[in-house]
Participant: 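Below is the structure I would like to discuss, written out as structure tokens.
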Amino acid sequence: MSEFKDLVIKIIKTIPKGKVMTYGQIATLAGSPRAARQVAAILRANSEAEELAWHRVVNAEGKLSTHKLGFGDLQEALLKREEIVFKSGKLDLGKYRWRLESE
DNA sequence: AGACTGACTCCAA
DNA sequence: GTTGGAGCCAGTC
């Protein structure tokens with residue numbers, strides 16, 4: 001088990017309802033600032049197995065990277081259920097981004 | 001074992 | 001605003 005993967009999973013579990021984090025942010029907190037893609041890979045591999053709040057993870061623009069995969073609608077629905085509002089297909093990162101002290 | 005892919009992000013031009 | 005390149009590393013073949 002890589003430390004990175006464990007940290008990513010742990011970090012995602014700390015995101016509270018109604019907040020989101022970007023891939024890059026999680027990668028930074030997990031120890032590899034530029035390993036955003038790996039965060040995505042871990043999500044894909046664990047989204048069904050673990051209780052990961054993968055829907056609270058968005059890209060740096062505040063958009064859903066899942067849209068091209070075909071389940072962007074699901075993610076958007078899950079986020080809306082947490083009182084997150086989308087405008088022009090994006091959400092307000094300045095408002096919804098979850099920040100950890102260790103950043 | 002090697003080679004390729006990709007739910008990303010940053011930066012230069 | 002766009003495009004291209006580099007970096008990162010877990011999966012997959």
Side-chain angles (χ1 to χ4, degrees):
Chain A
M1 263 325 227
S2 75
E3 182 184 359
F4 184 77
K5 179 179 173 181
D6 288 341
L7 284 171
V8 167
I9 291 174
K10 179 175 289 188
I11 290 165
I12 292 174
K13 287 185 175 178
T14 71
I15 306 176
K17 183 178 178 182
K19 293 289 182 179
V20 300
M21 276 185 105
T22 66
Y23 297 92
Q25 208 182 346
I26 294 167
T28 299
L29 292 171
S32 299
R34 303 186 181 167
R37 304 185 75 141
Q38 283 55 249
V39 175
I42 291 167
L43 253 53
R44 189 185 45 163
N46 295 278
S47 59
E48 295 185 15
E50 301 275 341
E51 298 179 8
L52 290 182
W54 58 270
H55 58 277
R56 297 186 184 138
V57 183
V58 300
N59 67 25
E61 283 184 296
K63 289 187 185 171
L64 306 184
S65 299
T66 48
H67 208 279
K68 53 184 158 187
L69 294 179
F71 51 92
D73 288 343
L74 171 60
Q75 180 170 13
E76 186 172 335
L78 289 169
L79 291 175
K80 283 181 175 174
R81 198 166 73 186
E82 303 191 350
E83 301 177 28
I84 289 177
V85 178
F86 285 80
K87 48 178 58 176
S88 308
K90 302 191 299 188
L91 52 76
D92 190 341
L93 273 181
K95 188 174 181 180
Y96 300 114
R97 182 155 68 127
W98 178 240
R99 299 175 184 239
L100 291 185
E101 31 194 303
S102 46
E103 273 188 77

Participant: Please round to the nearest 0.5 Å and tell me the distance separating atom OG1 of A:T28 and atom OH of A:Y23.
Facilitator: 14.5 Å
Participant: Mind listing the N/O atom pairs, protein and nucleotides 4-7 of chain B, below 3.5 Å?
Facilitator:
unit_1 : atom_1 : unit_2 : atom_2 : d
B:dG6  : N9     : A:R37  : NH2    : 2.8
B:dG6  : N7     : A:R37  : NH2    : 3.1
B:dG6  : N2     : A:Q38  : OE1    : 3.0
B:dA7  : N7     : A:A40  : O      : 3.0
B:dA7  : N7     : A:R44  : N      : 3.1
B:dA7  : N6     : A:L43  : O      : 3.3
B:dA7  : N6     : A:S47  : OG     : 3.4

Participant: Please report the interatomic distance CD1(A:I12) to CD1(A:I42), rounded to the nearest 0.5 Å.
Facilitator: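 Rounded to the nearest 0.5 Å, the CD1-CD1 separation comes to 7.5 Å.
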Participant: Which whole-number value in Å describes the distance from A:F4 CZ to C:dC8 C1'?
Facilitator: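 Checked: the CZ to C1' distance equals 8 Å.
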Participant: Tell me: CD1 of A:I9 to P of C:dA10, nearest whole Å?
Facilitator: 12 Å
Participant: For A:E3 and C:dC8, give me the distance from atom CD to atom C1', rounded to whole Å.
Facilitator: 15 Å
Participant: Tell me if the NZ atom of A:K90 is crowded by more than 12 foreign heavy atoms within 6.0 Å.
Facilitator: no
Participant: Between A:Q25 (CD) and C:dC8 (P), how many Å, whole number?
Facilitator: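 Those two atoms, CD and P, are 20 Å apart.
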Participant: If pairing requires Watson-Crick or G-U wobble contacts with both distances under 3.5 Å, which nucleotide is the partner of B:dA7?
Facilitator: none
Participant: As an exercise, state the distance from CZ of A:R44 to CD of A:Q38, rounded to the nearest 0.5 Å.
Facilitator: 11.0 Å
Participant: Find the distance between NZ (A:K10) and NZ (A:K5) and round it off to the nearest 0.5 Å.
Facilitator: 14.5 Å
Participant: In whole Å, what is the span from the NE2 atom of A:H67 to the P atom of B:dC8?
Facilitator: 14 Å
Participant: Whether A:T22 contacts B:dC8 is assessed here as follows: a side-chain N or O lying under 4.0 Å from the phosphate OP1 or OP2. Is that the case?
Facilitator: no
Participant: Nearest whole angstrom, please: distance from the P of B:dC8 to the CG of A:L29.
Facilitator: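 Whole-Å distance recorded here is 18 Å.
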Participant: Kindly compute the distance separating CD (A:E83) from OH (A:Y96), expressed to the nearest 0.5 Å.
Facilitator: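 These two atoms lie 8.5 Å from each other.
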Participant: What is the distance, rounded to the nearest whole Å, between atom CG of A:D6 and atom P of C:dC9?
Facilitator: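 To the nearest whole Å, that distance equals 15 Å.
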